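Step one of this worksheet: look at the structure below.
Start at 1 with the first residue, then count along the sequence. First listed ligand is number 1; within each ligand, the first listed atom is number 1. In this text, all values refer to a predicted model and were calculated from it rather than measured experimentally.
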Amino acid sequence: MPVNLRGRSFLKLLDYSPAEIRYLLDLARNFKDMKRAGTPHRYLEGKNIVLLFEKTSTRTRCSFEVAGHDLGMGVTCLDSGSSQMGKKESIADTARVLGRMYDGIEYRGFRQELVEELARYAGVPVWNGLTDQFHPTQMLADLMTMEEKFGYLKGLRFTYMGDARNNMGNSLMIACATMGVHFTACAPRELFPAPELVEAAKKIASENHGSVTLTEDVSAGTRDADVLYTDIWVSMGEPDSVWEERIRLLRPYQVNAAAMAGAKKSAIFMHCLPSFHDTRTAIGAEIAEKFGVPEMEVTNEVFESPRSVVFDEAENRMHTIKAVIYATLC
Ligand code: CP
Ligand code: NVA
């Protein structure tokens, strides 16, 4: 059956079939080729989108803005504190107002329920630009990058090291399961994904010839991996008071030369960014001073190595977000 995503929201990968994700990845590749060739693609001229950010962002915001402009659209960006949303106006009312003016709405915020509520009321497609639970647009960029590097997805062995129950851990588990990639969460038991999400992922994986494994053992978890992936240890919205315990729990799961040595020789390193791989950030410097940890989830050596594909991932955010906007609005 042909894929038609017109009018659909993009809230989490659980709502999308492998064929629909395949379609978005193919579309993103076409957009990347066009961008590289300098071929104009102002297919959505006359349309307007609004971007709502209740948490900070570099990649997601810029990807939506550039994708919107490349497609010929008007783009409005509202930061936390610069609109009435949440404080003086409910999500439901905001959604109904913005849905009257815009053709699509991007939302980055806290609980997943909020973006789901926005989509229920808006009457136009809503795109999840990250919630505490999921980060679906990041998934498309990650799958695209893996496919560019290996030429295929099905059967790859993917290991996520770190906080496996944050938005990235949750999303990567579902993304891999959907596309037939063998997923391993290599993390302390306290930070394993929620059991009901693991069950859902296992079911999806079994339908797509993939698998889902949870392990606390770094050498078993990294063995023969094609991809080692990590994310920051404390996510946006978490209190500073969790740092000490998180460092204690996650230090053994740092992606370093030893972890990479356990993976395949051809293995790549991935990270959604931003990353604390040195002390050249305010938080990085503060944590180094307070806890004596100058490199956190990944060492600078691995981050800067030829096996690191993190900036390709970052670029692919824009091409894949363009695909999502186009597919749902065209
Ligand atoms: N990876 C990602 O979502 O980056 P930003 O927080 O900069 O948008
Ligand atoms: N887990 C991170 C992802 C940032 C892209 C956070 O939510 O802060």
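- A salt bridge between E207 and K203 is present, with a side-chain N of the basic residue lying under 4.0 Å from a carboxylate O of the acidic one.
- The pair R36-D33 does not count as a salt bridge, with every side-chain nitrogen at least 4.0 angstrom from each carboxylate oxygen.
- With respect to D132 and K55, a salt bridge is recorded, a charged nitrogen being found less than 4.0 Å from a carboxylate O.
- Using a 3.5 Å distance cut-off with no hydrogens or angles, the side chains of T94 and Q84 do not pair a donor with an acceptor.
- The aromatic rings of H41 and F31 lie tilted to each other, with the angle between the two planes from 30° to 60°.
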Could you walk me through whether R22 and D26 pass the side chain to side chain contact (heavy atoms under 4.5 Å, CB included) check?
CA-CA 6 Å; R22 175 80 267 145; D26 290 346; 3.0 Å; yes
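- Below 30°, between 30° and 60°, or above 60°: for Y160 and Y229 the angle between ring planes is between 30° and 60°, a tilted geometry.
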Under 3.5 Å, which donor-acceptor pairs do the side chains of residues 59-67 form with other protein atoms, sequence neighbours left out?
from: T60; atom 1: OG1; to: R108; atom 2: NH2; distance (Å): 2.8
from: T60; atom 1: OG1; to: R317; atom 2: NH1; distance (Å): 3.2
from: T60; atom 1: OG1; to: R317; atom 2: NH2; distance (Å): 3.1
from: R61; atom 1: NE; to: E65; atom 2: OE2; distance (Å): 2.9
from: R61; atom 1: NH1; to: D79; atom 2: OD1; distance (Å): 3.2
from: R61; atom 1: NH2; to: E65; atom 2: OE2; distance (Å): 3.3
from: S63; atom 1: OG; to: R59; atom 2: O; distance (Å): 2.7
from: S63; atom 1: OG; to: M318; atom 2: N; distance (Å): 3.4

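- Each of S57, T58, R59, T60, R108, H135, Q138, C272, L273, R317 has a non-hydrogen atom positioned under 4.0 Å from some atom of ligand 1.
- The side chain to side chain contact (heavy atoms under 4.5 Å, CB included) test applied to T213 returns T184, not counting sequence neighbours.
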Between ligand 2 and the protein, find all N/O pairs closer than 3.5 Å and give the distance for each.
from: ligand 2; atom 1: 1 (N); to: N167; atom 2: OD1; distance (Å): 2.8
from: ligand 2; atom 1: 1 (N); to: D231; atom 2: OD2; distance (Å): 2.6
from: ligand 2; atom 1: 1 (N); to: S235; atom 2: OG; distance (Å): 2.7
from: ligand 2; atom 1: 7 (O); to: N167; atom 2: ND2; distance (Å): 2.8
from: ligand 2; atom 1: 8 (O); to: M236; atom 2: N; distance (Å): 2.8

